[in-house]
Amino acid sequence: MPRTTPLLTATLLLGACVPAGHLQRARASAPAFDPTVFFAGDTRGVGSLKVITKARQTVRVTGHGVVQPDGTIVLTQDVRRGDRPVVHRIWRLRPVAPGRFGGTLTGAIGPVTGDTHGNALHLSFRLKGGMHAQQWLYLQPGGQRSRNRMVITKLGIPVASLDETITRGTE
């Protein structure tokens, strides 16, 4: 039987501490997820972030999206993580082909890529420190809410996960 190093064992155990709720598929053929429609106007999100070796934190996000004449959605967000100061970020997503999107995000290293399939939007981007983010957003029936499940990995090992509900409007 192959031997494992203590570092590998510790890394695998820590990775196991990050919830894998994103693996529960909530895909459906309808309603169709169009990020330029869902994120236009005001949105708010409330979620739970788990970073390995740290306590779970509440994340609150307020956003406002504007669709540009070329079809790009510019989404400005204020993100509050636990009791930390608010972080301001800007997403820019534009259609590049049917069901495919490209863009940028404040804090991302390089481009954001995305694709839609039925009610699901999948986004992928790199972060500082060699980390990689994968987000799966599932539009809920009625089109006013979306479940956001994000996993951040380093060297292919999950180091953080977010489970969030995003709601259109400011109610």
Side-chain angles (χ1 to χ4, degrees), residues 21-49 51 58-81 84-154 156 158-171:
H22 72 285
L23 298 175
Q24 298 172 359
R25 298 292 179 204
R27 272 196 185 168
S29 59
F33 200 128
D34 181 345
T36 61
V37 172
F38 182 79
F39 289 108
D42 295 321
T43 53
R44 69 187 190 307
V46 177
S48 177
L49 175 69
V51 178
T58 298
V59 174
R60 297 183 186 283
V61 181
T62 57
H64 182 76
V66 176
V67 179
Q68 304 296 305
D70 68 353
T72 299
I73 178 88
V74 178
L75 175 62
T76 58
Q77 293 180 317
D78 288 325
V79 182
R80 180 174 299 278
R81 181 176 149 191
R84 293 180 177 199
V86 170
V87 173
H88 185 74
R89 69 181 177 198
I90 301 173
W91 292 84
R92 295 178 190 281
L93 287 177
R94 68 187 177 293
V96 295
R100 299 200 48 199
F101 295 84
T104 60
L105 168 63
T106 306
I109 306 299
V112 173
T113 61
D115 57 88
T116 59
H117 298 281
N119 74 325
L121 168 64
H122 173 243
L123 298 170
S124 179
F125 51 93
R126 297 211 173 277
L127 298 166
K128 293 178 185 175
M131 293 185 285
H132 188 254
Q134 299 280 331
Q135 278 185 270
W136 294 266
L137 293 96
Y138 300 99
L139 189 60
Q140 302 300 295
Q144 298 303 303
R145 289 181 194 244
S146 174
R147 292 295 308 268
N148 176 20
R149 297 182 182 194
M150 179 170 65
V151 173
I152 298 174
T153 59
K154 183 163 184 162
V159 296
S161 66
L162 173 72
D163 189 359
E164 175 190 28
T165 298
I166 304 168
T167 306
R168 295 187 75 215
T170 56
E171 298 175 9

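Small disclaimer: the values here were computed from a predicted structure and weren't measured.
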(message) Working note: Leu137 + Leu123, criterion side-chain contact (heavy atoms from CB on, under 4.5 Å); need CA distance, chi angles, decisive distance, verdict.
(response) CA-CA 8 Å; Leu137 293 96; Leu123 298 170; 4.1 Å; yes
(message) Quick check: do His88 and Thr76 have side-chain heavy atoms less than 4.5 Å from each other?
(response) yes
(request) For Val87, enumerate each residue passing the side-chain contact (heavy atoms from CB on, under 4.5 Å) test, keeping only those at least two apart in sequence or located in another chain. (result) none
(message) Looking at every heavy atom in both Pro95 and Gly71, which two are closest together, and how far apart are they?
(response) CD-O, 3.5 Å
(message) Suppose we screen for side-chain hydrogen bond (donor to acceptor under 3.5 Å, both in side chains). Which residues come up paired with Asp34, at least two apart in sequence or across chains?
(response) Thr36
(message) Check whether Arg126 reaches the backbone of Gly130 with its side chain - one donor and one acceptor, N or O, closer than 3.5 Å.
(response) no
(message) Test of understanding: with side-chain contact (heavy atoms from CB on, under 4.5 Å), list the residues that count as partners of Arg89, not counting sequence neighbours.
(response) Gln77, Val79, Trp91, Leu105, Thr106
(message) Under the rule for side-chain hydrogen bond (donor to acceptor under 3.5 Å, both in side chains), what residues qualify as partners of Ser124, not counting sequence neighbours?
(response) His132, Gln134
(request) Nearest 0.5 Å please: distance from the CG atom of Leu121 over to the CZ atom of Phe101. (result) 7.0 Å
(request) Would you please name every residue forming a side-chain contact (heavy atoms from CB on, under 4.5 Å) with Ala133, sequence neighbours left out? (result) Phe125, Leu127, Met150, Ile152
(request) To the nearest 0.5 angstrom, please state how far the CZ atom of Arg168 sits from the CG atom of Leu139. (result) 9.0 Å
(message) Minimum heavy-atom separation for Ala160 and Val51, please, with both atom names.
(response) CB-CG2, 4.0 Å
(request) For the residue pair Arg147 and Asp163, establish whether any side-chain heavy-atom pair is separated by less than 4.5 Å. (result) yes
(message) Working to the nearest 0.5 angstrom, can you tell me the gap between Leu75 CG and Leu93 CG?
(response) 8.0 Å
(message) Quick check: closest heavy atoms across Pro158 and Val151, and the distance to 0.1 Å?
(response) CB-CG1, 4.1 Å
(request) Report yes if some heavy atom in the side chain of Leu162 is under 4.5 Å from a heavy atom in the side chain of Arg149; otherwise report no. (result) no
(message) Gln68: which residues meet the side-chain contact (heavy atoms from CB on, under 4.5 Å) condition with it, sequence neighbours left out?
(response) Val66, Asp70, Thr72, Val74
(request) Drop me the distance from Phe38's CZ to Ile73's CD1, to the nearest 0.5 angstrom. (result) 11.0 Å
(request) Report the residues that fulfil side-chain hydrogen bond (donor to acceptor under 3.5 Å, both in side chains) with Arg94, sequence neighbours left out, ordered by chain and then residue number. (result) none
(request) Drop me the distance from Arg60's CZ to Glu164's CD, to the nearest 0.5 angstrom. (result) 11.0 Å
(request) Under the side-chain hydrogen bond (donor to acceptor under 3.5 Å, both in side chains) rule, collect the residues that match up with Thr116, sequence neighbours excluded. (result) none
(message) Quick check for you: to the nearest 0.5 Å, what is the distance between Ile166 atom CD1 and Thr43 atom OG1?
(response) 7.0 Å
(request) Could you note down all residue pairs passing salt bridge (Lys or Arg N to Asp or Glu O under 4.0 Å) where residues 104-114 supplies at least one of them, sequence neighbours left out? (result) none
